[in-house]
Amino acid sequence: MAVAAAGALAASGCAPGGGSGGNGGGGALDGVELQVAAKWTGVEQENFEKVLDAFEKDTGAKVSYESTGEDTGAYLGPKIEAGEAPDVAILPQPGLLAEYAGKDALVPLEGDAAKALDDNYSDYWKELGSVEGEPYGILIKAAHKSIVWYRPDAFDEAGVEAPATWKDLTGEVSGTLSDAGITPFAMCGASGWTLTDWFENVYLSQAGPEKYDQLVAHEIKWTDPSVVKALETLADVWGEKTMMAGGAKGAVQTDFPTCVTQVYGQQKAAMVMEADFVAASVAEAGSTVGEDALTFPFPAVGDDAPVVVGGDIAAGMSEKKGTQELLAYLASPEAGTTWAGLGGYLSANSEVEAGAYADKTTKDLAQTILDAGDNVRYDLSDQVPSAFGGTEGKGMWAALQDYLRDPGDAKGTAEALEKSAAAADS
């Protein structure tokens, strides 16, 4: 898995046959209207709409965009039931893809879309977008989720450097920042998925890849001592009010990307932990990636630093003319190259050239995945049933938000996680 994932993200030179789906120029889809739904808002939405604009210009189609909000499943469920599903949905979890495919709510990839997937993606990413061997989805936007973003001016003021270990991060670095009157972290606790990213990084590094895989498959319970230990480790940050902007109350009320603004627009904190797509919000806050916005890898909690990857999968939900053509375009190196140049984006398309990225920081992220070798893992919460791993007010999101509010009972939180996981499996 690691080799495939690394190969997909280590962008290579553009190969022949990786076109935009063979639409043959503007006008091929004149009069066709399509709707796309995804979770993105703000600058992420704006950048994606620029990619859609290029498709419109190339084909003559008209594409409207609608945001699903944080809970994609809650948005799409009623739409599917009412027969009003978008033509293309961008799904944030492979688990959701499998769920909708099982309900016959998705249309398999065919024609140019299936060919673009074969031409431009590694086997690992193809498998993530397939259900029982049938290709349904294209991972159009990857995310490197083992990154801590920081303000170098804050680090310089406190006289600290980027840490390599969890002990250094929660001890010397955070303590020295606090002593200098600088709050270490902005937390995005109102967006529950960000808390799952914290847990996954700690758990992968501390418990190891084998245990991680067992937890994904629910082969071990969430009450396993390794889970309790990871929760107790998170309390090193979550349990210290001075660690987080606004304390526990403020942390659980701050969403993404407001937490990024707290670091780079308002200077209320020195660091924020989230994926490479933070770059887009950094730019919106008026800072420059690579200058006044730097990163370091999520520090090692155990023997090795974690590398967790995620991604968003485009899937067709209608048989309307233009749906497969749009999917083919989204699977093309042209679309990926356009998006890469806008920032806040990492491609899983192996035909997107390294030079397409807007900054060196993003280019370098692929190398960290290569360096992780066999230890790289896909986002845990995105692989489990969405009722447990990706639903607002339920499952992992709710349990970890409760724990962020009061991280005094790790065993109780583990029990709550196990109860939700078991219910989602039944």
Side-chain angles (χ1 to χ4, degrees), residues 37-42 44-45 65-82 84-86 89-100 103 105 141 143 145 186-200 216 222 231 234 238 244 246 248-261 272-275 277-278 281 308 310-313 315 317 379-407 412-426:
K39 68 181 181 181
W40 302 312
T41 59
E44 284 189 288
Q45 174 181 333
Y65 175 88
E66 190 162 347
S67 176
T68 66
E70 294 285 4
D71 194 338
T72 302
Y75 171 91
L76 289 176
K79 295 281 188 181
I80 294 170
E81 290 292 329
E84 300 173 351
I90 314 299
L91 306 177
Q93 300 110 8
L96 205 55
L97 183 85
E99 179 181 327
Y100 290 151
K103 295 178 179 179
K141 188 173 189 286
K145 292 197 164 189
M187 296 292 293
C188 324
S191 300
W193 56 269
T194 68
L195 303 183
T196 71
D197 291 342
W198 273 90
F199 173 83
E200 289 155 3
V216 168
W222 284 80
L231 291 169
L234 284 171
W238 295 7
M244 304 177 296
K249 183 178 181 180
V252 83
Q253 292 177 345
T254 304
D255 68 359
F256 182 91
T258 302
C259 52
V260 181
T261 303
V272 61
M273 196 292 288
E274 248 317 317
F277 50 71
V278 164
S281 299
V308 177
D312 298 289
I313 302 172
M317 304 193 85
D379 186 293
L380 182 153
S381 64
D382 289 349
Q383 295 187 73
V384 300
S386 61
F388 175 56
T391 301
E392 190 169 357
K394 295 182 178 179
M396 290 186 73
W397 292 19
L400 292 176
Q401 285 173 328
D402 288 343
Y403 189 64
L404 177 61
R405 290 186 184 95
D406 182 14
T413 299
E415 290 170 359
L417 287 164
E418 173 56 29
K419 183 178 180 180
S420 296
D425 287 343
S426 62

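Proximity of Leu234 to Pro407: side-chain heavy atoms (C-beta onward) are nowhere separated by under 4.5 Å. Trp40 places none of its side-chain heavy atoms less than 4.5 Å from the side chain of Thr68. Between Leu231 and Leu400 the shortest side-chain heavy-atom distance falls below 4.5 Å. Side-chain contact between Cys188 and Asp255 is absent, with no heavy atoms from C-beta onward closer than 4.5 Å. In this structure, the side chains of Asp402 and Thr413 stay at 4.5 Å or more apart for every pair of heavy atoms. Inter-residue side-chain proximity for Leu195 and Trp238 is flagged as met; some heavy-atom pair is nearer than 4.5 Å. Annotation: side chain of Thr261 is not in contact with side chain of Ser281 (no heavy-atom distance under 4.5 Å). Side-chain atoms of Val272 and Met187, non-hydrogen and from C-beta on, never get closer than 4.5 Å to each other.
Not one N or O on the side chain of Gln93 forms a donor-acceptor pair closer than 3.5 Å with the backbone of Gln383. At least one donor-acceptor pair closer than 3.5 Å links the side chain of Ser420 to the backbone N or O of Ala416. Put simply, the side chain of Tyr65 never gets that close to the backbone of Ala37: no donor and acceptor are under 3.5 Å apart. Put simply, the side chain of Gln401 gets close to the backbone of Gly189: a donor and an acceptor are under 3.5 Å apart.
The line from CH2 of Trp193 to CG of Asp382 is 10.0 Å long, rounded to the nearest 0.5 Å. To the nearest 0.5 Å, atom NZ of residue Lys145 and atom CG of residue Leu380 are 10.5 Å apart. Here the SG-CE distance, from Cys259 to Met244, works out to 13.0 Å after rounding to the nearest 0.5 Å. Atoms CG and CH2, from Leu404 and Trp198 in turn, are 10.0 Å apart once rounded to the nearest 0.5 Å. Here the OG1-CZ distance, from Thr41 to Phe256, works out to 8.5 Å after rounding to the nearest 0.5 Å. Remark: Thr391 OG1 to Glu70 CD distance equals 12.0 Å, nearest 0.5 Å.
Using a cutoff of 4.0 Å between basic side-chain nitrogens and carboxylate oxygens, Lys103 and Glu99 are scored as salt-bridged. Electrostatic pairing of Lys39 and Asp71 does not count as a salt bridge here, judged by no charged N lying under 4.0 Å from a carboxylate O.
The heavy-atom pair separating Met396 from Ser381 by the smallest distance is SD-CB, 3.8 Å. Minimum interatomic distance between Thr254 and Gly250 (heavy atoms only, all atoms of both residues): OG1-O, 2.7 Å. Scanning all heavy atoms of the two residues, the minimum distance from Ile80 to Tyr100 falls at CD1-CE2, 3.7 Å. Of all non-hydrogen atoms in Thr72 and Leu91, the two that sit nearest each other are CG2-CD2, 4.3 Å. Across Ser67 and Tyr75, no two heavy atoms sit closer than the pair O-CE1, 4.0 Å. Across all their heavy atoms, Pro86 and Met317 have their closest contact at O-CB, 3.1 Å.
Ring-centre distance between Phe388 and Trp222: below the 6.0 Å cut-off.
Each of Ile313, Asp312, Asp379 was checked for a side-chain contact (heavy atoms from CB on, under 4.5 Å) with Pro92, and the lone residue meeting it is Asp312.
A donor-acceptor pair shorter than 3.5 Å cannot be found between the side chains of Asp197 and Thr194.
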